[in-house]
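Here the structure is a predicted model, which means the values were calculated and not measured. Chain identifiers are assigned alphabetically (A, B, ...) following the order of the sequence lines, protein sequences preceding nucleic acid strands; residue numbering begins at 1 within each chain.
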Protein chains: 2
Amino acid sequence: MLTIGQLAAYAGVTVRAVRHYHQIGLLPEPERDASGYRRYGVTAVVSLIKIRTLADAGVPLSQISRMLEADASAFAEAIRTIDDHLRDEIQRLETSRRHIAQLTAGDTLALPPEVAAYLDRLRSIGASQRMVEAERDGWILVAARWPDRIVEWMPGKIAHLDDPQVVRLYRVLSEIFDGDEEDDPRLAEAADIMACLAEQAYAAGEVLHAEEVDDDLPHDLIDALAIESDPRVRRLRELMRERGWSGWNRMERLPKPPPD
Amino acid sequence: MLTIGQLAAYAGVTVRAVRHYHQIGLLPEPERDASGYRRYGVTAVVSLIKIRTLADAGVPLSQISRMLEADASAFAEAIRTIDDHLRDEIQRLETSRRHIAQLTAGDTLALPPEVAAYLDRLRSIGASQRMVEAERDGWILVAARWPDRIVEWMPGKIAHLDDPQVVRLYRVLSEIFDGDEEDDPRLAEAADIMACLAEQAYAAGEVLHAEEVDDDLPHDLIDALAIESDPRVRRLRELMRERGWSGWNRMERLPKPPPD
DNA sequence: CTTGACCTTGACGCTGCGTCAACCCTCCAT
DNA sequence: ATGGAGGGTTGACGCAGCGTCAAGGTCAAG
């Protein structure tokens, strides 16, 4: 007659595990001796070894009792099911590994490398750290909504940065937002450039029409993000409105210039 | 301002997950509106997306906040650690898959194929189902203790089954244990054969010496197993004792024939 | 006014045990 | 006889990451 410790040692498991198997009814509780100790016969050893064999192979404890009673075909079927689960789990983890290999701190987190390249380019033309971070967060919002299309958009965006007007715009905006003047006169200059760029884009037919995008939320969020990160964006929007454009990131020509 | 449902939908997670992140302090609790609803700003969206990006890559939630604040080198280090864990986990599961592929119902469970072959051979020479199952359980005990050495022992064991005496022995034992006679006369015949075989083995120097095996427990268990599966084994042991042999599975010549 | 879709907190469930806590039993050396 | 080490006993919480009720309060629309 064996004690629980001897049984566990023989089968290569912990005492706690054996008690757990009792609790869930996987291994029957044995008789107790006079002092209340569990006393095991050899059949318990054999059962426990079988249980561990299946458990080590990845069979969930809840299915082991069924499998020990199953006939060959039911057993094989159960094995297939479990193997499928294992395969799925391995795939999941391997996907995780591939993802994690792509991760870097800072700009590239939650963004495809194309966008990271765009942000690097932004920095190199003189955009401030704050500016780049704000852009990054905006693109994170876009990437979450259109993870595939964003990659198509980036080449155009990057090319756009060759335009001296755009460079000037980002520099001016950087200066404005790095300063703390409530009503910086350069806001007007920025608005002028943006209106001019919008005009060019409109002339080239590049302004998005409402139907092309199924969902306004990302743009609204980016708006909110910009305002949250610096309230002077609100003033910038007003200035754009005066110049006949509705927004600040997704521009639309206002139906009528408001009489002032 | 977004509700929790809108926030969750945008980031592609469940509402429950967002609340969980609040609970563990991963995502800060936002302000509440007049009715007690949580109201989220855009920064929460960006944070949540970053959190999901890391979580989807297999980063444990408990480490995500640290990683979001880490510099590039600490981040990379953390990534390595997590990747190592993922690799280990994948290996574990792949090991499980290899194990599970080997599993079959019945005889081969918890036994190497060599032993299964031995058991098949046993059946083919006329051993009864009960007999084979008892042998199987015994070998399970042995395999648990000496998983490597058992494979070396099997060829000899299988060859042993070519001996007509052994065949006769198993048939007689099968008949005895399939019947229900308390004191079957064939027990004596079985004992005679076993004694004879023991004599041959002893002469060939094949009897194990006590020092060769570091551990008696498996043999003791097999003894107990046999007695548990059929009490008449006890009688068989007595008969062996009368013939000058100590045991029934691991035999030793008794020091002196007891004067009767 | 009702209905249905959201929101709130609180709590248990899952998987397979690890790890106290607080106490009892046995055996061995002194 | 005694004391301590090394067993055993039940009971309970903890872990990871949420899913899933329960039992409500709120909001927008018909």
Could you state the [atom1]-[atom2] distance from [X] to [N], rounded to the nearest angstrom?
X	N	atom1	atom2	answer
Leu48(A)	dC17(C)	CG	P	11 Å
Gln6(B)	dC27(D)	CD	P	14 Å
Leu27(B)	dG17(D)	CG	P	15 Å
Gln23(A)	dC14(C)	CD	C1'	15 Å
His22(B)	dC7(C)	NE2	P	12 Å
Asp33(B)	dC7(C)	CG	P	11 Å
Leu26(B)	dC18(D)	CG	C1'	13 Å
Arg39(B)	dC6(C)	CZ	C1'	10 Å

Side chain of Val15(B): nearest nucleotide among dC18(D), dC7(C), dG7(D)?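 Nucleotide nearest to Val15(B)'s side chain: dC7(C).
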Which nucleotide sits closest to the side chain of Ala17(B): dC6(C), dC18(D), dC17(C)?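 From the listed options, dC18(D) comes nearest.
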At under 4.0 Å, does any side-chain N or O of [X] touch on OP1 or OP2 of [N]?
X	N	value
Arg19(B)	dT20(D)	no
Ser35(B)	dC27(D)	yes
Tyr21(B)	dC18(D)	yes
Thr3(B)	dC6(C)	no

Under 3.5 Å, side chain of Gln6(A) to main-chain N/O of Thr3(A), donor-acceptor pair present?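 Flag set: sc Gln6(A) to bb Thr3(A) pair under 3.5 Å.
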Flag, side chain of Thr14(B) to backbone of Ala17(B), donor-acceptor distance under 3.5 Å: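 Checking the backbone N and O of Ala17(B) against the side chain of Thr14(B), a donor-acceptor pair under 3.5 Å is found.
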Touch class at under 4.0 angstrom, heavy-atom based, for [X] against every strand present:
X	value
Arg38(A)	sugar-phosphate
Ile24(B)	nothing
Arg32(B)	sugar-phosphate

Cation-pi geometry met for Arg32(B) and Tyr37(B) (6.0 Å, 45°):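 No, cation not above the ring by the 6.0 Å, 45° rule.
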Assign each of Val18(B) and Glu29(A) to its nearest nucleotide of DNA chain D by heavy atoms, then name whichever residue's nucleotide is nearer the 5' end.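 Result of the comparison: Glu29(A).
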List the atom pairs, with distances to 0.1 Å, where a side-chain N or O of residues 53-63 of chain B and a protein N or O form a donor-acceptor pair under 3.5 Å, not counting sequence neighbours.
residue, atom, partner, partner atom, Å
Thr53(B), OG1, Ile49(B), O, 2.7
Asp56(B), OD1, Arg52(B), NH2, 2.6

Which residue lies more 5' along DNA chain C, comparing Ser62(A) with Arg16(B) via nearest heavy atoms: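 Closest to the 5' end, via its nearest nucleotide, is Arg16(B).
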Salt bridge or not for Arg80(B) and Asp83(B), using N-O below 4.0 Å?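 Judged by the 4.0 Å cut-off on N to carboxylate O distance, Arg80(B) and Asp83(B) do not form a salt bridge.
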